[in-house]
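Have a look at this one.
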Amino acid sequence: MKKTTVSFQLTTYETMEALPTVDQNLMKAAVSARKNAYAPYSNFQVGAAVLMANGKIVIGSNQENACYPAGLCAERVAIFQAGALYPHETMVAIAISATSMKYAVASPAAPCGNCRQSISEYEVRQKTPIALMMMGESGPVLKCNAIADLLPLAFTNSFLK
Ligand code: THU
């Protein structure tokens, strides 16, 4: 029998302003994307912004639907759009910001399991890490160095022969 401990590094920035400039600009893009969320059912607004290696920023916000499961999270709207626009470009980082129309979300919102899986697909494909920053309506911001950190033991294409 063997036991393994899986751990990863998480950096906390007390405010958005404490982030390095590149990260700060990405988070600003997520915040402004959040404002265009279509969330009439949950009133929960999420914005995501993906930084490409070519410097382009691709944004997304959650898009809900009267048939609830037909809606999509901000992270997947952003990451799929990035994959569609720049299929040969590396994704460097993704920033996420969430708040509610009913209350100010005070702690960082982590991506749901489906979004982790979707981001992981691109990380595995490009073979370089996609850093991830999470924030509520405003700081603090949590940053991890790779989506693999948030999705250990991921199911990947290595199983599909
Ligand atoms: N949502 C996201 O956009 N990202 C997440 O990671 C979690 C949840 C959205 C989906 C839905 O529109 C609303 O937040 C409430 O679940």
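Only this structure's heavy atoms are used, side chains among them; waters, hydrogens and symmetry mates stay out. Each ligand, and each atom within it, is numbered from 1 in the order the structure gives.
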> Can you find a heavy atom in the side chain of Val141 that is under 4.5 Å from one in the side chain of Met134?
Replying inline: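 Not in contact.
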
> So, is Cys112 polar-close to ligand 1, with some N/O to N/O distance under 3.5 Å?
Replying inline: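 Yes; the residue has a nitrogen or oxygen that sits under 3.5 Å from a nitrogen or oxygen of the ligand.
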
> What residue and atom, counting heavy atoms only, is the protein's closest point to atom 11 (C) of ligand 1, and at what distance?
Replying inline: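 That would be Glu64 OE2, 3.2 Å.
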
> Among all protein non-hydrogen atoms, which one is nearest to atom 4 (N) of ligand 1, and what is the separation to 0.1 Å?
Replying inline: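 Going atom by atom, the protein heavy atom closest to atom 4 (N) of ligand 1 ends up being Glu75 OE1, 2.8 Å.
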
> Got the closest protein heavy atom to atom 3 (O) of ligand 1, with its distance?
Replying inline: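 The closest one turns out to be Ala74 N, 2.9 Å.
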
> Does a side chain donor of either Ser97 or Glu137 reach within less than 3.5 Å of an acceptor in the other side chain?
Replying inline: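 No donor-acceptor contact under 3.5 Å links the two side chains.
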
> To which protein heavy atom is atom 9 (C) of ligand 1 closest, and what is the distance rounded to 0.1 Å?
Replying inline: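 Here the nearest protein heavy atom works out to Asn62 ND2, 3.6 Å.
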
> Counting from 1, what ligand 1 atoms have a heavy atom of Ser42 closer than 4.0 Å?
Replying inline: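 Checking each atom against Ser42, I get 13 (C), 15 (C).
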
> With a 4.0 Å cut-off, strictly under, does atom 16 (O) of ligand 1 pick up any protein heavy atom?
Replying inline: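 No, there is no protein heavy atom closer to it than 4.0 Å.
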
> With respect to atom 2 (C) of ligand 1, which of Cys73, Pro111, Gly71 exhibits the smallest heavy-atom separation?
Replying inline: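 It is Cys73 whose heavy atom sits nearest to atom 2 (C) of ligand 1.
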
> Just checking, any donor-acceptor pair under 3.5 angstrom between side chains of Thr156 and Ser158?
Replying inline: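 Present: a donor and an acceptor within the cut-off.
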
> Nearest to atom 14 (O) of ligand 1, what protein heavy atom do you find, and at what distance?
Replying inline: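 Its nearest protein heavy-atom neighbour is Phe44 CD2, 3.4 Å.
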
>> Quick check: do Leu26 and Val22 have side-chain heavy atoms less than 4.5 Å from each other?
In response: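 Of all side-chain heavy-atom pairs linking Val22 with Leu26, none is under 4.5 Å.
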
> Glu14 and Thr12: side-chain donor and acceptor closer than 3.5 Å?
Replying inline: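 No donor-acceptor contact under 3.5 Å links the two side chains.
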
>> Angle between ring planes, Phe159 versus Phe155, binned at 30° and 60°: parallel, tilted or perpendicular?
In response: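 Rings of Phe159 and Phe155: parallel, under 30°.
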
> Do the side chains of Glu64 and Pro40 get nearer than 4.5 Å, heavy atoms only?
Replying inline: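 Heavy-atom side-chain distance check passes, below 4.5 Å.
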
> Of the backbone atoms (N, CA, C, O) and the side-chain heavy atoms from C-beta on, which set of Gln63 has a member under 4.0 Å from an atom of ligand 1: side chain, backbone, both, or neither?
Replying inline: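 Looking at Gln63 and ligand 1, no heavy atom falls under 4.0 Å.
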
